[in-house]
**Q** 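My questions will all concern the structure given below.
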Amino acid sequence: MRFVSTRTHGMIDYVAGIVIAASPWIFGFADGGSAQWIAVVVGLVLLASSLMTDYELGVVRVIPMPVHLGLDLVAGLLLAVSPWLFGFSGYVWLPHLILGAFEIMASLITRTTPDTSTLTSQA
């Protein structure tokens, strides 16, 4: 069931991207290792894709919303399994799992088409 508007998703995108990228410092695992860099890179990729998505809060608007949601899903899956995939689960895993699950959920409950009347009036 997709009940979150693309406008709301856009607001969530920017906050989530910043939180994910900053999570190593927020949760105390900013030591230059793979746990830190995976979170930073995933967060920055999410921010970049948000800026380039064809929705109300996009700036360049070249990525269709369904593609954006697919990127969110893949990024969330990668983030959620990264502690075990890259071998740092003995050090830190909960922030990656929770933030990854949040991204997965957001990708599955957001509408796939933006409100075109809002897009036209802002373009």
Side-chain angles (χ1 to χ4, degrees):
M1 173 183 245
R2 295 186 179 268
F3 57 89
V4 174
S5 72
T6 56
R7 181 177 207 52
T8 300
H9 183 94
M11 290 182 239
I12 292 167
D13 272 343
Y14 289 107
V15 173
I18 291 167
V19 169
I20 291 168
S23 67
W25 293 272
I26 295 169
F27 299 110
F29 60 94
D31 62 357
S34 57
Q36 173 185 334
W37 288 109
I38 288 167
V40 169
V41 169
V42 168
L44 293 177
V45 166
L46 291 172
L47 285 170
S49 73
S50 297
L51 289 167
M52 297 187 306
T53 296
D54 186 16
Y55 65 171
E56 295 88 345
L57 298 180
V59 175
V60 180
R61 297 184 180 175
V62 294
I63 299 173
M65 191 64 194
V67 173
H68 172 97
L69 294 174
L71 289 170
D72 281 354
L73 178 65
V74 170
L77 287 169
L78 174 65
L79 194 59
V81 302
S82 66
W84 297 274
L85 188 64
F86 296 102
F88 56 84
S89 63
Y91 170 57
V92 63
W93 59 271
L94 194 57
H96 295 76
L97 181 62
I98 290 172
L99 294 169
F102 178 80
E103 278 299 310
I104 293 166
M105 181 189 66
S107 75
L108 297 174
I109 63 173
T110 300
R111 295 183 196 131
T112 58
T113 55
D115 178 5
T116 53
S117 65
T118 307
L119 283 177
T120 338
S121 66
Q122 292 182 358

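Scope of the values below: all heavy atoms of this structure, side chains included, with no hydrogens, waters or symmetry mates. Given the structure is predicted, the values throughout are model-derived calculations rather than measurements.
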**Q** What about Leu108 and Phe3, same hydrophobic cluster or not, with Ile/Leu/Val/Met/Phe/Trp/Tyr joined at side-chain heavy-atom distances under 4.5 Å?
**A** no
**Q** Between the side chains of Asp72 and His9, does any donor sit under 3.5 Å from an acceptor?
**A** yes
**Q** Return yes when atom CH2 of Trp25 has more than 12 non-hydrogen atoms of other residues, nucleotides or ligands closer than 6.0 Å, and no otherwise.
**A** yes
**Q** Hey, could you give me the CD1/CD1 distance between Ile26 and Ile18, rounded to the nearest 0.5 Å?
**A** 10.0 Å
**Q** Can you give me the closest heavy-atom contact between Gln36 and Phe29, atom names plus distance?
**A** CB-O, 3.7 Å
**Q** Give the minimum heavy-atom separation between Tyr55 and His68, together with the two atoms involved.
**A** OH-CE1, 4.2 Å
**Q** Apply side-chain contact (heavy atoms from CB on, under 4.5 Å) to Arg7 and Leu57, showing your working.
**A** CA-CA 7 Å; Arg7 181 177 207 52; Leu57 298 180; 4.1 Å; yes
**Q** Starting at CG of Leu69, measure out to CD1 of Ile104 and round the result to the nearest 0.5 Å.
**A** 13.5 Å
**Q** Taking ILVMFWY side chains as joined if any heavy atoms are under 4.5 angstrom apart, and letting links pass through other members, which residues group with Val41?
**A** Val45
**Q** So Leu51 and Val60, side-chain contact (heavy atoms from CB on, under 4.5 Å) or not? Walk me through it.
**A** CA-CA 6 Å; Leu51 289 167; Val60 180; 5.8 Å; no
**Q** If you take all heavy atoms of Thr112 and Pro66, which pair is closest and at what distance?
**A** O-CD, 3.6 Å
**Q** Of all heavy-atom pairs between Thr6 and Glu56, which one has the smallest distance, and what is that distance?
**A** OG1-OE1, 2.6 Å
**Q** Between the side chain of Thr110 and the main-chain N/O of Ser107, is any donor-acceptor distance below 3.5 Å?
**A** no
**Q** Decide whether Ile20 and Leu71 are clustered together by the hydrophobic rule: side chain heavy atoms of Ile, Leu, Val, Met, Phe, Trp, Tyr closer than 4.5 Å, transitively.
**A** no
**Q** Can you list, pair by pair, the side-chain donor-acceptor contacts under 3.5 Å of residues 76-96, counting residues two or more places apart and other chains?
**A**
| from | atom 1 | to | atom 2 | distance (Å) |
| --- | --- | --- | --- | --- |
| Ser82 | OG | Leu79 | O | 2.9 |
| Tyr91 | OH | Asp31 | OD2 | 3.1 |
| His96 | NE2 | Ala35 | O | 3.0 |

**Q** Which atom names give the shortest non-hydrogen contact between Ala75 and Leu46, and what distance separates them?
**A** CB-CD2, 3.9 Å
**Q** Under a single-linkage definition using a 4.5 Å side-chain heavy-atom cutoff for Ile, Leu, Val, Met, Phe, Trp and Tyr, are Ile98 and Leu73 assigned to the same hydrophobic cluster?
**A** no
**Q** Hydrogens and angles aside, do Thr8 and Ser5 bring a side-chain donor and acceptor to less than 3.5 Å of each other?
**A** yes
**Q** Applying the 4.5 Å side-chain criterion to the ILVMFWY set and letting contacts propagate, would Val74 and Val42 be lumped into a single cluster?
**A** no
**Q** For the residue pair Met65 and Thr53, what are the closest heavy atoms and their distance?
**A** SD-CG2, 3.8 Å
**Q** Start with the C-alpha gap between Ser49 and Ile63, add the side-chain angles, then the distance that decides, and say whether side-chain contact (heavy atoms from CB on, under 4.5 Å) holds.
**A** CA-CA 7 Å; Ser49 73; Ile63 299 173; 4.3 Å; yes
**Q** Is Phe102 reachable from Val4 through a run of hydrophobic residues whose side-chain heavy atoms are each under 4.5 Å from the next?
**A** yes
